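The structure appears below as structure tokens.
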Amino acid sequence: EDKVVQSPLSLVVHEGDTVTLNCSYEVTNFRSLLWYKQEKKAPTFLFMLTSSGIEKKSGRLSSILDKKELFSILNITATQTGDSAIYLCAVYNNAGNMLTFGGGTRLMVKP
Amino acid sequence: DGGITQSPKYLFRKEGQNVTLSCEQNLNHDAMYWYRQDPGQGLRLIYYSQIVNDFQKGDIAEGYSVSREKKESFPLTVTSAQKNPTAFYLCASKQGLTEAFFGQGTRLTVV
């Protein structure tokens, strides 16, 4: 059974701090790893990572995948209160039909 | 606008009742998914469908049923056999190996 584990479970920081969220996985025939942000209802897509060692970046957010060690990290620099959300990690198997999610990391950024 | 529409946003069910959650997409996506989210947790896969008239069980299918008679529609029925149905239900769709897009969710409460 495919498995995705995220840590920490929750995190409280102050504006301006940098945070690192972790995602490890055990997937039969790994294809790609995705990060989503869920503020209230619908998760919104952040990144898809397929190749090891290549950083994806969007503004203050960046993510990298290590296929050898089976994990990914999501970094957020200069955090803002608007970054408060649940961050979800998910993986595709090679067939691309199953998208398995981790338990999420709840991030709270205080002013 | 293209997107995924879930209805209703809130649903109350009495003990022993079956209820059906609607999910419609106009993105022309082949694959559709139903996830369940409990408070403070990640997403767990209930059912998914890769093409019309075909669907597969996910990790927590017991007490749920689906149909896929049309490409754009993937309704989920929560049956009386589901002993703890109170949760947030998310529908998603995707095409190929791209990211999945989510609806705004339905919050189901047993009264």
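Here is the naming used below: chain letters follow the sequence lines, and residue numbers restart at 1 for every chain. Model, not experiment: these values are computed from the prediction.
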Specify the closest pair of heavy atoms between Asp83(A) and Arg60(A), including all atoms of both residues, with the distance to one decimal.
-> OD2-NH1, 2.8 Å
Apply the test side chain to side chain contact (heavy atoms under 4.5 Å, CB included) to residues Ile76(A) and Leu107(A): give CA-CA distance (whole Å), side-chain angles for both, the deciding distance (0.1 Å), then the verdict.
-> CA-CA 11 Å; Ile76(A) 309 175; Leu107(A) 173 66; 3.9 Å; yes
Which heavy atom of Thr18(A) sits nearest a heavy atom of Thr77(A), and at what distance?
-> OG1-CA, 3.7 Å
Can you check whether chain B and chain A share any donor-acceptor pairs under 3.5 Å, and give the atom names and distances if they do?
residue   : atom : partner   : partner atom : Å
Tyr36(A)  : OH   : Ala100(B) : N            : 2.9
Tyr36(A)  : OH   : Ala100(B) : O            : 2.8
Gln38(A)  : OE1  : Gln37(B)  : NE2          : 2.8
Gln38(A)  : NE2  : Gln37(B)  : OE1          : 2.9
Tyr92(A)  : OH   : Thr98(B)  : O            : 2.6
Gly96(A)  : O    : Lys94(B)  : NZ           : 2.6
Asn97(A)  : O    : Tyr33(B)  : OH           : 2.5
Leu99(A)  : O    : Tyr35(B)  : OH           : 2.7
Gly103(A) : O    : Gly42(B)  : N            : 3.0

Looking at Pro85(B) and Leu108(B), what are the two nearest heavy atoms and their distance?
-> O-CD2, 3.6 Å
Given that the side chain runs from C-beta out, which part of Leu99(A) has a heavy atom under 4.5 Å from chain B: side chain, backbone, both or neither?
-> both
Among the options Ala31(B), Ala100(B), Gly103(B), pick out the one with the most heavy-atom pairs lying under 4.5 Å from chain A.
-> Ala100(B)
Where do Ile64(A) and Gly53(A) come nearest, in terms of heavy atoms and distance?
-> CD1-O, 3.7 Å
Please determine, by modelled atom types, if Asn75(A) and Thr20(A) share a side-chain donor-acceptor pair under 3.5 angstrom.
-> yes
Which atom of Pro111(A) lies closest to which atom of His14(A), heavy atoms considered = O-CD2, 3.9 Å
Nearest heavy atoms of Leu88(A) and Gly104(A), plus distance in Å | CD2-CA, 3.8 Å
Proximity breakdown for Leu43(B) and chain A, heavy-atom pairs closer than 4.5 Å = both
The interface call for Leu90(B) against chain A, heavy-atom contacts under 4.5 Å, is side chain
